[in-house]
Amino acid sequence: MPPHHEQQPADRLWSPNFRRFFIARTTSMAGDMMLPVALTPAMLQAGHGASGVGYALAAHIAPFAVFVVFGGVLSDRFGAQRLMVGADAARLVVQGALAAVFFTATPPLWLVLALLVLAGLGSAAFQPGVATVIPRISSDVQRANAVLRVSESLMTVAGPALAGLLLVVSSPAMVLAVDAATFGVSGLCLLSMRGLTRAPGTERGRATLGADLKEGWREFAARPWLWSVILIWMLAALTVYGPTQTLGFSTIATVHGPSAFGLVMSAHGVGSVLGGLLATRIRPAHPLRAGAVGMTGFVFAPLVVALDLSLPLVAAGFAVAGAALAFWLVMFHTSVQTHIPAAVLGRVHATTWRGRW
């Protein structure tokens, strides 16, 4: 693996910039987790049925998967902070409009899908900047990633719980409005970060979008340690992660009941928090290798289902799997952020996201 590239970090983890970034990520992640909870009853109440729910979720996810690499180009070209603030502003408007149409009328399916596509494009523009900003606001990249992973894991539980509570006392439109507001909070926090000059190497003019894409791909392809990890991840998605999320989840719900499935998912979330906390304490000499070893713990998730174990053991297995996944993600992102030149980091990070989708 190549040596670490030069960083321009802050003096400590909880610098003013990192605190603002932490609030931005935590808030927007909570909103992201609220959206699927709100969309399901909103689409059903609007008369679009279960198929409409599926179309809505696909309309939000597909643009991200397709266009995130272009977000990486824009992040490297115009600066991550500027692009992320713009993406948050756009999503504030789009998701606010989505909430408004559900508040005031029964929106047609095409309008809902169009707004969700725009929101997905905003996410695609936002995500690559995350990797670019972290090494520039913290001198301890691994710990920064670990702290953010703990926060994100907590929001995967707290976000749906908050959405559920709001649904009890209000309406799906209100949940969508709160989701929209989280982008406003995130954008203001990101806008208030100071001293983030352009990354070295990004000041030069760029020829074309195609040239930028090719450069990002060359940087990715030139690192066997990186593309081989993504290939393994893609294979694992087909053979382990995907089947676990379909057959595994449905088996748990069928055998143990829906409430038990919720318990298992909560255990997975708790494990993710513990894995992130572990990553703040362990300092391996080779983070990627340590992450790969830790990731073997994910096998417990499909294993406990396949062996038809009791509910407590199933929950324990998913807790271990959550910890393994969180620890791996921290080590992987740390490796990428500390070994890829800052001028192309947005594009390379976006390419890894494409591969992991």
Side-chain angles (χ1 to χ4, degrees), residues 23-68 70-71 74-75 78 80-130 155-156 158-192 357:
I23 295 171
R25 290 295 296 141
T26 300
T27 305
S28 61
M29 177 60 68
D32 289 344
M33 295 298 103
M34 294 169 67
L35 180 61
V37 179
L39 276 179
T40 298
M43 296 300 287
L44 293 176
Q45 290 177 13
H48 298 305
S51 61
V53 175
Y55 292 143
L57 294 175
H60 186 249
I61 294 172
F64 178 89
V66 174
F67 291 102
V68 67
F70 297 97
L74 296 176
S75 178
F78 298 112
Q81 183 183 16
R82 182 185 304 176
L83 187 64
M84 294 167 78
V85 170
D88 273 340
R91 290 187 291 178
L92 170 62
V93 172
V94 170
Q95 303 250 129
L98 184 64
V101 297
F102 277 109
F103 265 125
T104 59
T106 300
L109 181 60
W110 68 266
L111 178 58
V112 175
L113 298 185
L115 290 172
L116 288 171
V117 166
L118 293 176
L121 290 174
S123 298
F126 182 94
Q127 183 59 43
V130 174
M155 290 308 103
T156 61
L162 176 59
L165 178 62
L166 288 173
L167 287 175
V168 172
V169 300
S170 59
S171 66
M174 178 59 72
V175 181
L176 292 172
V178 172
D179 181 17
T182 64
F183 295 118
V185 174
S186 174
L188 289 174
C189 289
L190 295 172
L191 185 63
S192 66
W357 276 76

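By convention here, the first residue in the shown sequence is residue 1.
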Can you tell me how far apart [atom1] ([X]) and [atom2] ([Y]) are? Round to the nearest 0.5 Å.
{"X": "T182", "Y": "Q95", "atom1": "OG1", "atom2": "CD", "result": "7.5 Å"}
{"X": "D179", "Y": "T27", "atom1": "CG", "atom2": "OG1", "result": "11.5 Å"}
{"X": "F78", "Y": "L83", "atom1": "CZ", "atom2": "CG", "result": "8.5 Å"}
{"X": "D32", "Y": "S123", "atom1": "CG", "atom2": "OG", "result": "6.0 Å"}
{"X": "L57", "Y": "T40", "atom1": "CG", "atom2": "OG1", "result": "6.0 Å"}

Looking only at heavy atoms, what is the nearest atom pair of [X] and [Y], with distance?
{"X": "G159", "Y": "M34", "value": "O-CG, 3.2 Å"}
{"X": "T156", "Y": "M33", "value": "CA-CG, 3.6 Å"}
{"X": "P63", "Y": "A58", "value": "CD-O, 4.0 Å"}
{"X": "L191", "Y": "V85", "value": "N-CG2, 3.7 Å"}
{"X": "A24", "Y": "C189", "value": "CB-CB, 3.9 Å"}
{"X": "L190", "Y": "M84", "value": "CD1-CB, 3.9 Å"}

Less than 4.5 Å apart, any side-chain heavy atom of [X] and any of [Y]?
{"X": "S75", "Y": "F126", "result": "no"}
{"X": "L109", "Y": "M43", "result": "yes"}
{"X": "F103", "Y": "L98", "result": "no"}
{"X": "L167", "Y": "V175", "result": "yes"}
{"X": "V53", "Y": "L44", "result": "yes"}

Is the closest side-chain donor-acceptor distance between R25 and S186 under 3.5 Å? no

Any side-chain to backbone donor/acceptor pair from [X] onto [Y]? Under 3.5 Å, distance only.
{"X": "H60", "Y": "L35", "result": "no"}
{"X": "T106", "Y": "F102", "result": "no"}
{"X": "T26", "Y": "I23", "result": "no"}

Full working for side chain to side chain contact (heavy atoms under 4.5 Å, CB included) between V37 and L162: CA-CA 10 Å; V37 179; L162 176 59; over 6 Å; no

